[in-house]
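Because the structure is a prediction, the values reported are computed rather than measured. Residues take their numbers from the sequence shown, with the count starting at 1. Whatever order the structure lists ligands and atoms in, that order sets their numbers, starting from 1.
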Amino acid sequence: MDSIIVTGGSSLNGQIPIAGAKNAALALMPATLLSEEPLTLTNVPRLSDIKTMTALLESLGVEVTSLQGGKVQVLSSHAMTSTRADYEIVRKMRASNLVLGPLLARHHEAIVSLPGGCAIGARPMDIHIDALELMGAQIELRDGYLHAKAPGGLKGARVPLRFASVGATENVLMAATLAKGTTVIENAAREPEIVDLARCLRAMGAQIAGEGTSTIEVQGVDRLGAATHPVVTDRIELGTYMLAPVFCGGEVECLGGKLELVTAFVEKLDAAGVDVTETDAGLKVKLRGDRPRAVDVVTEPFPGFPTDLQAQMMAMLCLADGTSVLEERIFENRFMHAPELVRMGANIEVQGGYAKVHGVDRLKGAPVMATDLRASVSLILAGLAAEGETRVNRVYHLDRGYENVEQKLSAVGAKIERVRDA
Ligand code: EPZ
């Protein structure tokens with residue numbers, strides 16, 4: 001396994017390119033299952049999660065052609081061979097469950113392994129199942145797999161979601177494009193990745209209205225066609241790199257960044273004393289004073305503060321002037337970065353879904369362990385500020401969601417390198 005070693009203290013100056021959104025691409029790729037025509041995706045991020053989704057789709061008989069080093073993907077499901085998503089692949093990545101809706105919609109059957117829990121929570125699929133059953137699917141859980149079928153195809157329905165689940169909204173949105181009749185998704189997730197998926201489906205011929213609001217209406221059509229679609233910018237990678245200069249000084253311009261992707265996050269940065277300026281090329285970020293101010297954060301579905309930026313924000317607040325309270329409302333166990341930050345000298349008290357962060361003057365480098373994707377990058381950020389060396393182990397978590405993190409940070413002055421563990 002690899003580790004990443006960060007030596008703190010260098011201020012950052014320059015431009016960081018932001019890639020296409022992992023969480024958009026992981027929903028866009030399964031959309032190929034809805035049509036026998038090719039789907040071309042551009043601005044695809046080069047990440048291990050994308051490789052995992054590619055392997056899953058290929059196991060179903062989908063042809064995936066990667067071009068331009070993986071930035072362009074051409075997917076075609078005209079020669080499908082299976083509707084079974086195997087546990088061996090699904091257990092590695094929960095987003096594998098996004099083949100359920102498309103398989104049911106076009107092939108009227110699907111056998112999808114339950115993803116199982118992960119470090120941040122149990123990650124059940126009840127909302128997905130209840131919604132698809134309202135559309136006529138018959139879904140049975142047997143030996144760890146969801147056995148789903150929709151004889152005669154899915155039917156349009158009114159589908160209220162008990163919680164604005166991103167994945168459930170994506171599964172239902174894709175399923176509804178080929179269902180007979182009209183589907184209205186109520187309490188739909190509003191994330192930019194949902195809007196991006198709807199735009200791609202519309203380019204394929206789907207009839208969708210209301211994406212980005214809590215109510216999405218879909219008129220089913222008989223078939224979908226070919227499309228070429230650019231993956232939206234990754235707002236979580238964007239937010240992550242916007243924070244980098246706050247840890248160690250300097251000014252960074254995140255290329256491709258757009259304010260509307262990170263509104264709630266930027267409001268908190270402004271309250272913490274961080275300047276964010278829109279430029280023609282993206283978003284420029286620098287700390288106003290010499291230390292951020294403490295702010296309270298509550299994670300919520302979009303347009304609220306994103307849970308995927310909570311760990312990164314906590315790391316920054318460890319150095320703030322004052323005490324901050326972070327409330328994690330989306331996942332039941334998403335503070336595993338806290339004890340690792342405490343190893344670096346942070347002062348954090350975790351109580352259930354709350355973390356109280358008492359700002360300290362400095363952090364000290366230490367060997368720390370990555371536990372999940374966003375926790376791992378919060379430790380890299382903390383290492384930028386810490387005195388001495390921080391060695392982040394198990395960085396395979398990092399490679400799931402951040403392409404070339406050491407290249408992007410060293411290009412703006414960070415002292416960071418990847419080492420292969422013996
Ligand atoms: C997506 O996961 C993202 N992943 C997550 O990003 C992100 O944290 C999450 O949305 C919330 O924004 C992808 O898009 C691939 P949810 P998803 O369904 O769809 C519970 C990252 O770091 N729930 O909105 O799985 C669930 O347990 C990853 O990039 C049910 O109870 O999230 C969780 O507590 C991490 N039953 C909450 O809802 C269900 O049927 C939010 O889940 C579905 C979800």
> For atom 11 (C) of ligand 1, which protein heavy atom lies nearest, and how many Å away is it?
Replying inline: T307 CG2, 3.9 Å
>> Would E349 and H358 count as a side-chain hydrogen bond (donor to acceptor under 3.5 Å, both in side chains) here? Give the steps.
In response: CA-CA 8 Å; E349 299 163 64; H358 306 281; 2.4 Å; yes
>> Show me which atoms of ligand 1 lie under 4.0 Å from any heavy atom of D308.
In response: 5 (C), 6 (O), 7 (C), 8 (O), 21 (C), 22 (O), 28 (C), 29 (O), 35 (C)
> Quick one: does L103's side chain get under 4.5 Å of M80's, heavy atoms only?
Replying inline: yes
>> Using a plain distance cutoff, I'd like to know if R374 has any nitrogen or oxygen under 3.5 Å from a nitrogen or oxygen of ligand 1.
In response: yes
> Per the side-chain hydrogen bond (donor to acceptor under 3.5 Å, both in side chains) rule, which among N43, T40, D196, T42 passes with H229?
Replying inline: D196
> Counting from 1, what ligand 1 atoms have a heavy atom of M125 closer than 4.0 Å?
Replying inline: 39 (C), 40 (O)
> Can you find an N or O of N23 that's nearer than 3.5 Å to an N or O of ligand 1?
Replying inline: yes
> Side chains of L381 and T240: closer than 4.5 Å at any heavy-atom pair?
Replying inline: yes
>> With respect to A95, determine whether any N or O atom, backbone or side chain, lies less than 3.5 Å from an N or O atom of ligand 1.
In response: no
> Under 4.0 Å from any heavy atom of R334, which atoms of ligand 1 are there?
Replying inline: 8 (O), 22 (O), 35 (C)
> Can you list the ligand 1 atoms lying under 4.0 Å from a non-hydrogen atom of F163?
Replying inline: 37 (C), 38 (O), 41 (C)
> ligand 1 and D126, any nitrogen or oxygen pair closer than 3.5 angstrom?
Replying inline: yes
>> Counting only heavy atoms closer than 4.0 Å, does ligand 1 sit against the backbone of R94, its side chain, both, or neither?
In response: side chain
> Are there protein heavy-atom neighbours of atom 20 (C) of ligand 1 below 4.0 Å?
Replying inline: no
>> Run E328 and T299 through side-chain hydrogen bond (donor to acceptor under 3.5 Å, both in side chains) and show every step you take.
In response: CA-CA 5 Å; E328 173 55 59; T299 64; 3.1 Å; yes
> Just which atoms of ligand 1 are under 4.0 Å from any heavy atom in K22?
Replying inline: 21 (C), 29 (O)
>> Is there a side-chain contact between D234 and P45 in this structure, where contact means two heavy atoms from C-beta onward sitting under 4.5 Å apart?
In response: no
>> Pair Q219, T182 - check side-chain hydrogen bond (donor to acceptor under 3.5 Å, both in side chains), show working.
In response: CA-CA 5 Å; Q219 308 290 342; T182 304; 2.7 Å; yes
> Is ligand 1 less than 4.0 angstrom away from at least one heavy atom of R162?
Replying inline: yes
> ligand 1 and V166, any nitrogen or oxygen pair closer than 3.5 angstrom?
Replying inline: yes
>> Counting C-beta onward and ignoring hydrogens, is there a side-chain heavy-atom pair between T323 and K356 closer than 4.5 Å?
In response: yes
> Is the closest N or O pair between I330 and ligand 1 shorter than 3.5 Å?
Replying inline: yes
>> Yes or no: does G401 have any heavy atom under 4.0 Å from an atom of ligand 1?
In response: no
>> Regarding atom 39 (C) of ligand 1: of the candidates S96, P124, A24, S165, which has the closest heavy atom?
In response: P124
>> Can you name the atoms of ligand 1, numbered from 1 with element, that are less than 4.0 Å from a heavy atom of G167?
In response: 18 (O), 19 (O)
